[in-house]
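Along the sequence shown, residues are numbered consecutively beginning with 1.
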Amino acid sequence: GFLGYATFPSECRFNRNRDGVVIKDSTYPGSSTGGAHNAGDTLVHEVGHWLGLWHTFQGGCNWSGDQVDDTPAERSPAYGCPVGRDTCPGGGADPIRNYMDYTDDRCMNQFTAKQRVRMRAQ
């Protein structure tokens with residue numbers, strides 16, 4: 001279900017009323033109702049959008065993915081923590097540990113170097 005949302009920089013550049021990040025309270029660290037998403041990584045994911053990042057699986061295997069060339073292509077969102085998952089040929093394992101995928105908080109722990117560059121450029 002819904003965990004949060006954020007505006008992209010291009011959506012709020014000329015309309016500050018649209019600027020922001022929203023997360024469900026069950027995703028706060030330590031929440032007893034957040035299940036696999038209660039370590040605070042939903043906020044990290046949504047702030048990633050707010051700073052200009054797309055999902056790692058954006059466009060699947062046949063598109064430029066998240067439009068950051070050091071992120072391996074991924075056919076679809078990953079859930080849980082499917083170590084070794086590889087949904088696109090030739091690009092390496094899916095980026096299941098990336099904050100911009102849909103894996104459980106216990107699995108997320110990184111942005112790529114070029115994702116960090118993009119966020120800093122916003």
Side-chain angles (χ1 to χ4, degrees):
F2 161 81
L3 298 176
Y5 64 90
T7 53
F8 280 88
S10 61
E11 294 174 345
C12 59
R13 186 165 286 130
F14 300 107
N15 184 353
R16 295 288 180 199
N17 293 329
R18 295 183 49 91
D19 188 12
V21 174
V22 175
I23 61 169
K24 194 172 182 180
D25 62 351
S26 63
T27 67
Y28 293 179
S31 169
S32 62
T33 59
H37 301 284
N38 69 347
D41 290 340
T42 296
L43 180 59
V44 176
H45 175 99
E46 296 303 335
V47 168
H49 288 313
W50 187 71
L51 292 172
L53 296 181
W54 296 93
H55 291 123
T56 55
F57 50 85
Q58 199 81 29
C61 300
N62 298 319
W63 195 62
S64 59
D66 67 352
Q67 299 181 13
V68 179
D69 65 13
D70 66 345
T71 308
E74 184 176 25
R75 182 174 308 282
S76 59
Y79 299 95
C81 193
V83 175
R85 181 177 188 250
D86 187 359
T87 58
C88 296
D94 291 354
I96 63 159
R97 301 210 178 275
N98 195 289
Y99 288 112
M100 300 312 294
D101 205 341
Y102 280 178
T103 52
D104 294 351
D105 283 10
R106 67 182 169 83
C107 194
M108 295 179 173
N109 62 17
Q110 65 188 27
F111 289 111
T112 68
K114 290 185 179 179
Q115 283 176 319
R116 290 190 298 273
V117 168
R118 176 173 287 175
M119 288 186 287
R120 288 184 189 118
Q122 296 304 317

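Considering CG of Leu3 and CG of Asp41, their distance stands at 11.5 Å, rounded to 0.5 Å. For the atom pair CZ (Arg16) and OG1 (Thr7), the distance works out to 9.5 Å, reported to the nearest 0.5 Å.
Electrostatic pairing of Asp70 and Lys114 does not count as a salt bridge here, judged by no charged N lying under 4.0 Å from a carboxylate O.
Residues Leu51 and Trp54 are members of separate hydrophobic clusters, defined by side-chain heavy-atom contacts under 4.5 angstrom among Ile, Leu, Val, Met, Phe, Trp and Tyr.
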Worked check of side-chain contact (heavy atoms from CB on, under 4.5 Å) between Ser10 and Gln122: CA-CA 10 Å; Ser10 61; Gln122 296 304 317; over 6 Å; no

side-chain hydrogen bond (donor to acceptor under 3.5 Å, both in side chains) assessment of Arg85 paired with Ser76: CA-CA 11 Å; Arg85 181 177 188 250; Ser76 59; 2.9 Å; yes

Derivation and outcome, side-chain contact (heavy atoms from CB on, under 4.5 Å), residues Trp50 and Asp19: CA-CA 8 Å; Trp50 187 71; Asp19 188 12; 2.6 Å; yes

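Within the 4.5 Å cutoff, no side-chain heavy atoms of Pro9 are placed close to those of His49. Proximity of Met100 to His45: side-chain heavy atoms (C-beta onward) are separated by under 4.5 Å at one or more points. Side-chain atoms of Thr87 and Phe57, non-hydrogen and from C-beta on, never get closer than 4.5 Å to each other. Side-chain contact between Ile23 and Tyr5: absent, with no pair of heavy atoms (C-beta onward) separated by less than 4.5 Å. Side-chain contact between Leu43 and Val21 is present, with heavy atoms from C-beta onward closer than 4.5 Å. Arg118 is listed as a side-chain neighbour of Gln67, based on a closest heavy-atom distance under 4.5 Å. The closest side-chain heavy-atom distance from Ile96 to Val83 is below 4.5 Å. Within the 4.5 Å cutoff, no side-chain heavy atoms of Arg97 are placed close to those of Thr103.
Within the 3.5 Å criterion, the main-chain N or O of Thr42 finds no donor-acceptor partner in the side chain of Thr27. In terms of modelled atom types and a separation under 3.5 Å, the side chain of Ser31 and the main chain of Ser26 share a donor-acceptor contact. Side-chain atoms of Glu74 never come within 3.5 Å of backbone atoms of Asp94 as a donor-acceptor pair (strictly under, hydrogens ignored). Panel note: side chain Asn38, backbone Ser32; no donor-acceptor pair is recorded below 3.5 Å. Remark: the backbone N or O of Val68 is paired with a side-chain donor or acceptor of Asp66 at under 3.5 angstrom.
Using the six-membered ring where Trp is involved, Tyr102 and His55 have ring planes that are perpendicular, over 60° apart on the 30 and 60° scheme.
Between Gly4 and Glu46 the shortest heavy-atom distance is O-OE2, 3.3 Å. The nearest pair of heavy atoms linking Ala73 to Gly60 is CB-O, 4.3 Å. Residues Cys107 and Gly80 approach most closely at CB-O, 4.0 Å, considering heavy atoms.
Counting only N and O atoms by type, the side chains of Asn98 and Thr56 include no donor and acceptor under 3.5 Å apart.
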